Amino acid sequence: MAVHSIEQAVASSSRAYVLPPGFRPSYGTAGFRAVADLLHSTMFRCGILMAARALKTQQVTGICITASHNPAPDNGVKLVEPSGEMLCQDWESYANDLATAQTDAELAKRVMALLAAEGIPATGPALVMVAHDTRPSGPELAAAFADGVRCLGAQVQMCGLLTTPQLHWMVMSRNLGAPWAESDYYSALAGAYQRLVAGTQPLGQPLYMDCANGVAAPKMAALATALAAAGAPLALHLLNTGEGVLNGGCGSDFLQKDRQLPSNFQGVPPGARCCAVDGDSDRLMYFTPLQEAGGRALLFDGDRIACLSAMLLKDLISQLPPAAQDVSVGIIQTAYANGAASRYIRDNLGCSVEVTPTGVKYLHEAAHHFDVGVYFEANGHGTVLFSKTLLARLEQLKEESRAAFELLALAVVINQAVGDALSGILLVEAALRRKGWGLDQWAALYTDLPSRQLKVTVADRAAIVTTDAETRVSQPAGLQAAIDAAVAAVPNGRSFVRPSGTEDVVRVYAEAETQDAADGLAATVARLVHARAGGVGPAP
Ligand SMILES: CC(=O)N[C@H]1[C@@H](OP(=O)(O)O)O[C@H](CO)[C@@H](O)[C@@H]1O
Ligand SMILES: [Mg+2]
């Protein structure tokens, strides 16, 4: 398509997708997110962006339309690089430029500026893949996105309902020239899981899975069919499969924040092995109902999954031929990692620990610093990345070394594009089976320090500026000193605040020796934020 016709195509197609007055989308922790009704123009513009990215890289790109763990009326975008990773950070400013253009003509100008700045040829074949979660607004927003892609003369492949990590995996595999269909995803994971658990005993009890009333329900059922066909069946009870509200009183985020059993788990016996995912199935928490009354759950969060993964990796690496055991294993966490987990990793696992700001794009990037990078946010979002060099070395060793063969299987079980709850379940199940462990042994690795997370609403959350991987506040002046004083008054206390990148709130985190002390510290810090950073409404 010629340059002037692109400008015209953008300007004229854009008329159907007006930026709602007063709406100022901003690319946050995981892309754009808002109430779905506001997002049509954002989707259209992201279509243009990802077509440009496909033209620039001469590879397939993608988008997942989802608001993840957020409420059902919300929606959002997660933009997918040719590698299957999240959109490269250099392009986030283009995303904001396009999403915030006030008029059709201004949008067309900004698109032309992007094409010129990136030296993108005006014509050429390009393909963008699009998927959505179970939100009712998904198909309509996908159509808006597709219109944007077509403005640049690129093609769009509508993939329908998928988990976010499935679409990332499909884009990655397609660009690698590997089998990339949804059915290939199931057979690759199932086959690799079978190789990992061959010769081990099944765990004996079924896994109860909370599907958050989202996309995980049909997709886990399909994975279970593939596992049975591969000769490694997994006994599963799927709950919250879509009969209730998406992420409503269920799902991994509910569980992490409330530590209460999700809906429909009240009859599950205490001690049973349970897991929960979020609305787009990229977060995973294990849990078990506690014996005590009140429907509380004991959580096995992302930190604990990271420890279990690192143990499995270390076991396998120690079984490689001695000359091949020089493999660096790093664990990447955010400030939300429980202090007890960080201490366990440092003192007992002997792995390096890196701390990054919140958001998997930062953790994922840091994971590339190691031969094997294990990253999980405390909320269960993460994966394990294998370097290309290590994979090549393992390929050479796989005939002579069972451990090399199994490490290669592990690299297939664990989604190499992004954090993936379904693949995470297979990772945890394989690790427990290989150790012959139940939840008790996993729980006994360390005891979490009591913690509390709160949200504070302020007039402008951008008023809070942080440094040191978001652990300290540099603005507004004086707030950090006040937080320091509050923390100093609590034995073994730790607390930090940061503006959310996905919700219009400031998040407060506190940790201490007792739950009461953690609750008290969080409340004190929340009041400090409210008082010093423009709190809205009554003080917390
Ligand atoms: C404390 C917390 O859990 N924050 C979450 C949340 O980001 P916020 O920027 O905190 O809103 O959503 C992100 C996207 O899912 C996830 O990466 C991150 O870990
Ligand atoms: Mg999610």
Side-chain angles (χ1 to χ4, degrees), residues 26-34 64-72 74-79 86-87 131-135 162-168 210-216 219 246-247 250-258 276-285 299 301-303 306 332-338 355-366 375-383 415 418-424 451-457 461-462 464 466 469-471 495-511 522:
S26 161
Y27 190 99
T29 315
F32 295 105
R33 227 170 260 191
C64 304
I65 298 178
T66 175
S68 191
H69 60 282
N70 291 140
D74 288 2
N75 219 324
V77 294
K78 294 186 177 179
L79 302 174
M86 290 173 70
L87 177 70
H132 57 80
D133 69 12
T134 55
R135 289 176 162 79
L162 289 174
T163 72
T164 292
Q166 284 182 318
L167 196 268
H168 283 258
D210 171 6
C211 298
N213 287 317
V215 62
K219 305 305 179 185
L246 177 69
N247 299 321
C250 62
S252 58
D253 197 59
F254 166 83
L255 194 67
Q256 192 206 12
K257 304 281 156 47
D258 287 32
V277 304
D278 70 334
D280 65 337
S281 200
D282 62 357
R283 289 192 192 180
L284 172 67
M285 306 280 283
L299 301 192
D301 63 3
D303 302 337
I332 329 299
Q333 303 188 309
T334 70
Y336 291 101
N338 193 278
V355 180
T356 71
T358 301
V360 276
K361 60 189 176 191
Y362 301 115
L363 291 109
H364 190 95
E365 197 175 27
Y375 75 82
F376 280 93
E377 294 185 311
N379 58 33
H381 197 174
T383 193
N415 194 323
V418 285
D420 180 342
L422 303 191
S423 118
S451 67
R452 177 65 59 203
Q453 267 198 58
L454 296 175
K455 299 178 191 183
V456 183
T457 308
R461 71 194 202 272
I464 297 214
T466 61
E470 302 179 323
T471 54
S495 180
F496 64 92
V497 306
R498 54 175 280 281
S500 160
T502 60
E503 292 172 58
D504 198 7
V505 295
V506 174
R507 294 196 196 285
V508 174
Y509 178 89
E511 209 173 82

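Counting convention: from 1, in listed order, for ligands and their atoms alike. All values derive from a computational prediction rather than experimental measurement.
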For atom 14 (C) of ligand 1, the protein heavy atom that lies nearest, with its residue and separation: A30 CB, 3.8 Å

Region of Y509 engaging ligand 1 - heavy atom pairs below 4.0 Å: neither

Qualifying residue, where the test is side chain to side chain donor-acceptor pair (under 3.5 Å) with T66 and the options are N75, D278, D282, D133: D133

CZ-CD1 distance between R507 and I464, expressed to the nearest 0.5 angstrom: 12.5 Å

N379 N/O under 3.5 Å from ligand 1 N/O: yes

Metal-centred angle, the Mg ion (ligand 2) as apex - OD1 of D280, OD1 of D282, 10° resolution: 90°

The Mg ion (ligand 2) reached by S68 (N, O or S, under 2.8 Å): yes

4.5 Å side-chain heavy-atom contact, T466 and P499: yes

Beyond-backbone contact of K78 with D280, side-chain heavy atoms, under 4.5 angstrom: yes

Polar contact flag, side-chain donor to acceptor under 3.5 angstrom, H69-N247: no

Donor-acceptor pair between N415 and T383 side chains, under 3.5 angstrom: no

L87 side chain near Y27 side chain, heavy-atom distance below 4.5 Å: yes

Distance-only N or O hit between ligand 1 and E503, under 3.5 Å: no

Pairwise distance CD(Q256) to CD(E377) - rounded to 0.5 angstrom: 9.5 Å

Student check: side-chain heavy atoms of L246 and T134 closer than 4.5 Å: yes

Atoms of ligand 1, numbered as shown, that sit under 4.0 Å from any heavy atom of Y336: 1 (C)

Any N/O pair S500/ligand 1 closer than 3.5 Å: yes

Minimum-distance N/O/S atom that D278 presents toward the Mg ion (ligand 2): OD2

Atoms of ligand 1, numbered as shown, that sit under 4.0 Å from any heavy atom of T358: 4 (N), 18 (C), 19 (O)

Residue part near ligand 1, for Q256, under 4.0 Å between non-hydrogen atoms: neither

Ligand 1 atoms in contact with R498 (distance to a heavy atom under 4.0 Å): 8 (P), 9 (O), 10 (O)

Within-cut-off N or O pair, H69 and ligand 1, under 3.5 Å: no

Geometric N/O contact G501 with ligand 1, under 3.5 angstrom: yes

Full working for salt bridge (charged side-chain N to carboxylate O under 4.0 Å, His left out) between D253 and R283: CA-CA 8 Å; D253 197 59; R283 289 192 192 180; 2.9 Å; yes

Short N or O distance, E377 and ligand 1, threshold 3.5 Å exclusive: yes

Y375 vs V360 side-chain heavy atoms within contact, under 4.5 Å: yes

Sub-3.5 Å N/O-N/O distance, K257 and ligand 1: no

Atom 12 (O) of ligand 1 - nearest protein heavy atom and its distance: R283 NH2, 3.4 Å

